[in-house]
Amino acid sequence: MAFTLTVNGATHSIDTDEDTPLLYVLRDELGLHGARYGCGVGQCGACTVLSDGAPLRSCFVPAASLSGRAITTLEGLRAPDGTPHPLQRAFLAEQAGQCAYCIPGMILAAEALLREKPAPSEAEIRTALDANLCRCGSHNRIVRAIQRAAAERQR
């Protein structure tokens with residue numbers, strides 16, 4: 001099945017089975033490896049991307065169903081000159097990623113939150129990330145990183 005996807009502002013022609021998950025198209029067809037395969041059933045958050053600004057689990061959503069929507073991956077957050085996004089800088093500064101497998105999904109979920117609530121409380125941050133799993137236990141550093149990024153954006 002042929003369709004187009006808009007990923008990180010660029011339009012791509014895709015020709016794949018209609019039920020191919022977005023995650024596979026991103027990684028295998030477009031070479032974007034920020035989204036990770038975790039559970040395959042949308043429960044862990046490692047594959048989170050943004051679809052029209054909202055978090056989306058890319059591991060089980062057919063890519064063809066997203067034609068016409070704006071998809072943003074971790075790679076799409078950085079500035080055109082390659083400068084890291086404020087969330088990326090904050091995650092590094094707070095050493096939020098121990099193994100870092102979950103971090104792309106955490107960053108994108110945090111970006112969706114900060115777009116909706118520029119100055120979220122700690123409780124709101126924890127609630128927004130509740131469905132993203134981190135097996136390393138870096139949750140407190142992740143929360144601090146999001147608070148840091150929110151403060152930077154307020155300047």
Side-chain angles (χ1 to χ4, degrees), residues 5-10 20-27 30-155:
L5 280 180
T6 303
V7 180
N8 301 331
T20 301
L22 176 61
L23 178 65
Y24 296 173
V25 170
L26 293 173
R27 295 180 64 85
L30 303 180
L32 299 170
H33 297 119
R36 311 264 172 86
Y37 181 89
C39 65
V41 293
Q43 297 295 309
C44 73
C47 68
T48 301
V49 298
L50 300 180
S51 173
D52 292 335
L56 174 80
R57 304 303 169 94
S58 66
C59 68
F60 71 96
V61 174
S65 71
L66 299 168
S67 185
R69 299 175 103 182
I71 307 298
T72 304
T73 68
L74 182 68
E75 295 89 346
L77 288 183
R78 67 179 167 243
D81 68 358
T83 303
H85 184 275
L87 275 165
Q88 293 168 318
R89 290 193 306 270
F91 270 67
L92 288 170
E94 293 295 334
Q95 298 179 11
Q98 187 167 325
C99 85
Y101 201 82
C102 69
I103 296 303
M106 292 283 191
I107 288 174
L108 287 160
E111 174 63 10
L113 170 66
L114 293 179
R115 286 179 183 180
E116 189 175 308
K117 290 185 173 270
S121 67
E122 180 178 337
E124 289 170 325
I125 292 170
R126 290 184 184 280
T127 298
L129 298 180
D130 191 46
N132 288 66
L133 302 179
C134 172
R135 296 184 67 105
C136 297
S138 297
H139 296 90
N140 292 331
R141 289 179 290 192
I142 290 168
V143 169
R144 282 194 308 268
I146 296 167
Q147 291 170 324
R148 178 188 284 250
E152 182 180 329
R153 286 175 136 176
Q154 296 298 311
R155 293 184 198 141

Legend entry - Contact summary for A150 and P120, nearest pair of heavy atoms: CB-CD, 4.2 Å
Legend entry - Chi angles and distances behind the side chain to side chain contact (heavy atoms under 4.5 Å, CB included) call for T72, E111: CA-CA 10 Å; T72 304; E111 174 63 10; over 6 Å; no
Inset, instruction - Taking atom CZ of R135 as the centre, report whether more than 12 heavy atoms of other residues, nucleotides or ligands fall under 6.0 Å from it. - result: no
Inset, instruction - Dump the intermediate steps for side chain to side chain contact (heavy atoms under 4.5 Å, CB included) on R57 and T48, then the final yes or no. - result: CA-CA 5 Å; R57 304 303 169 94; T48 301; 3.4 Å; yes
Legend entry - From CD1 (I71) to CG (L56), nearest 0.5 Å: 6.5 Å
Legend entry - Close side-chain approach of N8 and L32, heavy atoms under 4.5 Å: yes
Inset, instruction - With the side chain counted from C-beta on, respond yes when L77 and L108 share a heavy-atom pair under 4.5 Å apart, and no when they do not. - result: yes
Legend entry - Under the salt bridge (Lys or Arg N to Asp or Glu O under 4.0 Å) test, residues paired with E122 that sit two or more places apart: R126
Inset, instruction - Look at atom CD of E124 and say whether more than 12 heavy atoms of other residues, nucleotides or ligands are closer to it than 6.0 Å. - result: yes
Legend entry - Qualifying residues under side-chain hydrogen bond (donor to acceptor under 3.5 Å, both in side chains), relative to E152, sequence neighbours excluded: R89
Inset, instruction - Hey, could you give me the NE2/CG distance between H139 and L133, rounded to the nearest 0.5 Å? - result: 7.0 Å
Inset, instruction - Apply the test side chain to side chain contact (heavy atoms under 4.5 Å, CB included) to residues L129 and I146: give CA-CA distance (whole Å), side-chain angles for both, the deciding distance (0.1 Å), then the verdict. - result: CA-CA 11 Å; L129 298 180; I146 296 167; 3.3 Å; yes
Legend entry - Nearest heavy-atom neighbours spanning I103 and A96: CD1-O, 3.8 Å
Inset, instruction - Looking only at non-hydrogen atoms, find the nearest pair between C134 and M106 and report the distance. - result: CB-CE, 3.9 Å
Legend entry - CG-CD1 distance between N132 and I107, expressed to the nearest 0.5 angstrom: 11.0 Å
Inset, instruction - Could you list the residues that satisfy salt bridge (Lys or Arg N to Asp or Glu O under 4.0 Å) with E75, not counting sequence neighbours? - result: none
Legend entry - Those residues that, when tested against E94, pass side-chain contact (heavy atoms from CB on, under 4.5 Å) (two or more places apart): R144, A145, R148
Inset, instruction - State which residues pass side-chain contact (heavy atoms from CB on, under 4.5 Å) with D81; sequence neighbours excluded, sorted by chain then number. - result: A79, T83
Legend entry - Results of salt bridge (Lys or Arg N to Asp or Glu O under 4.0 Å) for R78 - residues two or more places apart only: none
Legend entry - Atom pair CG (L30) and CG (L22), whose distance is rounded to the nearest 0.5 Å: 8.5 Å
Legend entry - Interatomic spacing from CZ in R27 to OG1 in T73 - rounded to 0.5 Å: 11.0 Å
Inset, instruction - Locate the shortest heavy-atom distance separating A46 from Y101; write the atom from each residue and the value. - result: CB-CE2, 4.1 Å
Legend entry - Minimum heavy-atom distance between S58 and P21, given as atom pair plus value: O-CB, 3.8 Å
Legend entry - Nearest heavy-atom neighbours spanning L66 and S51: CD2-OG, 4.0 Å
Legend entry - Heavy-atom side-chain contact between P118 and R153 under 4.5 Å: no
Inset, instruction - Drop me the distance from L23's CG to H33's NE2, to the nearest 0.5 angstrom. - result: 9.5 Å
